[in-house]
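Notes follow the structure.
Just follow the structure's listing: the first ligand is 1, and inside any ligand the first atom is 1.
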Amino acid sequence: MSRVGDHASCIYRNPNEPVEARVSDLLSRMTMKEKLAQMAQIDKSVATPTVLKTLSIGSVVSGGGSAPMGRASAADWAHMIDFFQHYALQSRLGIPIIYGTDAVHGHNNVYGATIFPHNVGLGATRDVDLVQRIGAATALEVRATGVHYTFAPCVAVCRDPRWGRCYESYSEDPETVRKMTSIVSGLQGSPPAGHPEGYPYLAGRNNVIACAKHFVGDGGTKRGINEGNTISSFDDLEKIHLVPYLDCISQGVCTIMPSYSSWNGSKMHSDKFLLTNILKDKLGFKGFVISDWEGIDRLSHPHGSDYRYCIHASITAGVDMVMVPFRYEHFLEDLMSLVESGEIPMARIDDAVSRILRVKFVAGLFEHPMTDRSLLDVLGCKMHRELAREAVRKSLVLLKNGKDPNKPFLPLDRNAGAILVSGGHANDIGLQCGGWTIAWHGDSGRITIGTSILDAIKETAGEQTEVIYERHPSPSTLARKDISFAIVVVGEPPYAESLGDNAELKIPFNGTELICYVADRLPTLVILISGRPLVLEPQLLEKVDAVVAAWLPGTEGKGITDALFGDYDFKGVLPVTWFRNVDQLPMCVGDQCYDPLFPVGFGLKFNMDSQPQ
Ligand code: GLC
């Protein structure tokens with residue numbers, strides 16, 4: 001097959017030509033089949049050399065946890081992706097693929113990558129610059145592995161902590177979420193002055209294509225049911241859930257992903273008013289809209305029963321690329337039939353493909369389709385781990401510090417005689433990272449390289465101090481007179497999406513009982529590892545000496561001891577309401593009836609005190 005575009009005269013191959021001229025030129029050369037294939041994102045498991053060479057597929061994806069092999073290195077990832085790209089470039093027009101994955105708190109699918117705190121912890125920092133730096137560091141680690149595209153940031157405004165994706169939301173407060181969208185400029189680079197509003201932007205090879213998700217109202221579903229229904233006026237939808245997208249678009253976000261959820265019963269993946277009239281026409285978004293994983297299949301019941309209807313409804317509504325990700329032949333066949341019958345106008349196809357090509361040109365993929373191997377050593381580097389440690393430190397929220405306000409319990413004495421550390425989350429990297437880490441839903445154990453909270457305590461405590469670790473402390477240990485205090489680290493198991501939907505929100509694994517058992521016998525600090533506030537029983541709060549909300553801190557446990565032992569003061573403030581009991585839910589800052597245990601914005605410091613309301 002003769003390859004078009006080898007000769008330099010092709011406008012689309014000339015990087016000195018304006019992007020729009022390159023888009024038009026390439027679009028004019030494409031067959032219908034090539035145009036439709038650009039609208040397909042397929043899983044890496046079905047991306048064969050033949051498929052990539054013959055179909056001109058738009059994108060390939062690694063879903064949550066989908067690595068080349070167990071504990072794959074950056075080089076393994078780069079080799080895999082360059083292998084795919086090699087065959088894509090052999091297609092008739094040589095259009096490169098975009099390779100995408102979820103790097104939502106660092107490059108979390110990759111063993112050895114720096115794992116940053118999940119978004120709820122970053123929301124507690126309120127630190128715009130820090131989050132932008134995290135975006136830049138994440139982009140470097142993502143590009144080091146050859147990946148071009150991350151399905152991040154999630155800019156959900158979580159209005160009910162019972163939602164299984166609560167920790168992917170920076171805050172229940174739209175203004176805090178808006179501030180944290182600075183991560184887009186970190187991931188993609190900051191657009192220069194005068195950059196056209198709504199136009200996708202990418203600074204260079206050290207940056208990564210971002211994806212603001214899940215458009216719109218994913219965090220507002222009734223009772224926090226994942227993929228559920230957000231019932232609200234358009235005015236409230238705009239004020240609460242839409243506003244962060246304005247900030248992402250103004251930073252040149254390249255892609256936006258619709259939510260599985262619905263607004264007033266209308267499925268987002270087929271809502272033309274919101275995807276086209278609002279997002280594209282009114283807000284002027286000129287990147288591309290990519291569906292969620294099998295997002296269009298969920299438009300009919302049972303899933304995918306009338307796939308042709310699903311394709312028609314989603315593409316017509318404004319979806320440009322479909323994360324199919326497996327049955328791409330069926331997708332392309334039905335899409336072709338819909339276009340040939342005129343049910344989907346050619347103009348809609350040309351608009352979708354133009355948006356996809358625009359992002360590929362802006363991202364420089366035609367000039368630099370292969371991995372920059374000089375970045376390989378960046379993965380999990382010391383500088384990034386120090387940044388993650390800073391983020392952990394700034395994310396911690398001190399909820400209680402001493403039974404007597406005049407006798408603060410923290411900072412801890414690093415030269416205490418002996419310290420007892422208890423609880424299942426004290427010595428478990430997997431638990432402290434949470435979901436979306438190595439595996440889609442996360443896992444317990446030493447799942448990647450990092451510093452556990454126990455290791456951090458041992459490294460920070462004085463040389464003469466004995467650090468005792470008993471997950472469930474024995475009566476004899478609790479009876480020891482030389483133990484100065486106990487640190488009990490408890491919390492949630494890792495979870496993702498609907499697996500995390502929870503209406504009880506108690507401290508799992510009998511955490512409350514463990515805390516009270518220890519606190520009845522020793523001065524006790526509690527560290528909560530969780531994606532959201534959990535019920536703190538009154539008798540627990542009374543018995544313990546101090547409580548720290550550490551959220552899901554990621555691999556750098558020393559960020560926690562930096563504050564516990566006083567090298568740094570606490571800085572974090574609540575990004576979400578800490579309710580008294582689940583019967584109060586949903587309850588958000590600004591509600592008329594607002595009676596939290598700790599309000600949004602609460603956080604103690606060593607040298608300042610603010611009483612819980
Ligand atoms: C998931 C999530 C989405 C993610 C996508 C690809 O189901 O809803 O946030 O980006 O699939 O893994």
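- For an aromatic pair to be called close, the ring centres must be under 6.0 Å apart, and W293 with F326 satisfies this.
- For the pair R327 and Y307, the cation-pi criterion (under 6.0 Å, within 45° of the ring axis) is fulfilled.
- Nearest-residue assignment for atom 9 (O) of ligand 1 (options E227, H214, M257, M323; heavy-atom criterion): H214.
- The side chain to side chain contact (heavy atoms under 4.5 Å, CB included) with H107 is formed by just one residue from the set I115, V142, L140; it is V142.
- Here the CD-CG distance, from Q251 to L246, works out to 11.5 Å after rounding to the nearest 0.5 Å.
- Heavy-atom distances between E294 and ligand 1 stay at or above 4.0 Å for every pair.
- Within the cation-pi definition used here (under 6.0 Å to the ring centroid, within 45° of the axis), K272 does not qualify as a partner of W263.
- Counting only heavy atoms of the protein, atom 11 (O) of ligand 1 lies nearest to D292 OD1, 3.0 Å.
- Regarding atom 10 (O) of ligand 1, its nearest protein heavy-atom neighbour is D102 OD1, 2.5 Å.
- For ligand 1, the atoms sitting less than 4.0 Å from at least one non-hydrogen atom of F151 are 10 (O), numbered in the order shown with element in parentheses.
- Residue W436 places no N or O, backbone or side chain, under 3.5 Å from any N or O of ligand 1.
- When ring centroids are compared, Y99 and Y149 stay outside the 6.0 Å threshold.
- Distances below 4.0 Å separate heavy atoms of Y260 from the following atoms of ligand 1: 7 (O), 8 (O).
- Taking any N or O of K213, backbone or side chain, at least one lies under 3.5 Å from an N or O belonging to ligand 1.
- Ring centers of F285 and Y245: at least 6.0 Å apart, outside the cut-off.
- Judged by the shortest distance from any of its heavy atoms, E168 lies outside the 4.0 Å radius around the atoms of ligand 1.
- Contact analysis leaves W440 out of contact with ligand 1, as no non-hydrogen atom separation drops below 4.0 angstrom.
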